[in-house]
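Basis for what follows: all heavy atoms, side chains included, without hydrogens, waters or symmetry-related copies.
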Amino acid sequence: MTIVVGLLGTAAPAQGGRGADSASYPKGPGGEAVNDSFYFVHRKLTGDGALTVALRSLTGVADTGTGKAAQGAQPWAKAGIIVKESLTQGSPYAAVMATGGHGVRMQYDYTHDTAGPSDKVTQESPRWLRLVRSGDSLTGCTSTDGSHWTKVGHAKLPGLARTVQAGLFATSPEAKQDTAAGAGFSPAVATGAFCGPASPVAGLRGRGAAHRWAAARAPPAATRTSPRAVSPRPTAAGSP
């Protein structure tokens, strides 16, 4: 089993509100400001290929600021499969994922989102995910048993590089906290537990390097810091 722990989000900064200083954010494929920071276990994929995994659980914890942690994944916490052109922030990507409160989704290039089945991932009801690359087209599928598949969505990334980064990710937005002083935000963490049909990380078909890499834990300024590859280490569920 592979555990991926994620902090922070991968959404564009809000218009006119928190994070509205778009000049400090990297630019996405369409020139828009994006917050592209997440935790990524990845390897190179050259040419066409497919990645299939079972997401066994998606859990989370948030700092309430009271000394007690709030258990549970944030509604837009995400864990799943992603193909990204490079580790450069703002580079094109496509991903199929499960979320904390919005079911299975297919998302790509920061602004596109397609809804799939709405059920949640639990230990008793894991969710299989598959992302297939063919040229510059990617198709996301989901299954409850690993045998019968439903298409979630399709993405076309014009000019996608022949060699890309493919793997598993987890990420979480901050948790909104209502206090006597008004609404605030506190750190939140999402943990995705995966297993796959071909290896401890996932079943990856296609040409690519045989090594597995993991994204380093990002510093506080992670919204403006690219993921960097380091050798993976064993990670316990719920721990960074």
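Hydrophobic clustering, with ILVMFWY side chains joined whenever heavy atoms are under 4.5 angstrom apart, keeps W76 apart from V104.
Legend: residues meeting side-chain contact (heavy atoms from CB on, under 4.5 Å) with T144, ordered by chain and number and at least two apart, are R127. Partners of K156 under the side-chain contact (heavy atoms from CB on, under 4.5 Å) rule, at least two apart in sequence or in another chain, are D136, S137. Residues passing the side chain to side chain donor-acceptor pair (under 3.5 Å) test with T139 are H154, sequence neighbours excluded. For R133, there are no salt bridge (charged side-chain N to carboxylate O under 4.0 Å, His left out) partners two or more places apart in sequence or in a different chain.
Inter-residue side-chain proximity for H42 and L87 is flagged as met; some heavy-atom pair is nearer than 4.5 Å. Counting heavy atoms from C-beta outward, P26 and V34 have side chains that approach closer than 4.5 Å. Taking the side chain as every heavy atom from C-beta outward, T114 and R105 never approach each other to under 4.5 Å. The shortest distance between side-chain heavy atoms of K44 and Q165 falls below 4.5 Å.
Considering all non-hydrogen atoms of both residues, G135 and L160 come closest at O-CD2, 4.1 Å. Heavy-atom minimum distance, F194 versus A79: CZ-CB, 3.9 Å. In plain terms, the two heavy atoms of A188 and S172 that are nearest each other are CB-OG, 3.7 Å. Taking both residues in full, the closest heavy atoms of A98 and L58 are given as O-CD2, 3.7 Å, listed atom of the first, atom of the second, then distance. Scanning both residues, M106 and L138, for their nearest heavy atoms gives CE-O, 3.7 Å. Among all heavy-atom pairs drawn from L157 and A94, the shortest one is CD1-N, 4.2 Å.
At distances below 3.5 Å, at least one donor-acceptor pair connects side-chain atoms of E32 with backbone N or O atoms of G30. Side chain of S91 to main chain of T88: a donor-acceptor pair is present (N/O by atom type, distance under 3.5 Å, no hydrogens or angles). With hydrogens and angles ignored, the 3.5 Å screen pairs a side-chain donor or acceptor of Y93 with a backbone N or O of Y110.
With no hydrogens or angles considered, a side-chain donor-acceptor pair links R130 and T52 at under 3.5 Å. T150 and T142 share no side-chain donor-acceptor pair at under 3.5 Å. For the residue pair K78/Q107, the side-chain donor-acceptor check at 3.5 Å is satisfied.
Within the structure, salt bridge (charged side-chain N to carboxylate O under 4.0 Å, His left out) pairs that include any residue of residues 81-95 comprise D36-K84 (at least two apart or interchain). Applying the salt bridge (charged side-chain N to carboxylate O under 4.0 Å, His left out) test to every pair with at least one member in residues 139-151, sequence neighbours left out, gives no pairs at all.
Going from atom CD1 of I82 over to atom CG of L129 covers 12.5 Å, rounded to the nearest 0.5 Å. To the nearest 0.5 Å, the span separating OG on S147 from CH2 on W128 amounts to 8.5 Å.
Checked against L51 for a side chain to side chain contact (heavy atoms under 4.5 Å, CB included), the options L45, V132, I81 give a single hit: I81.
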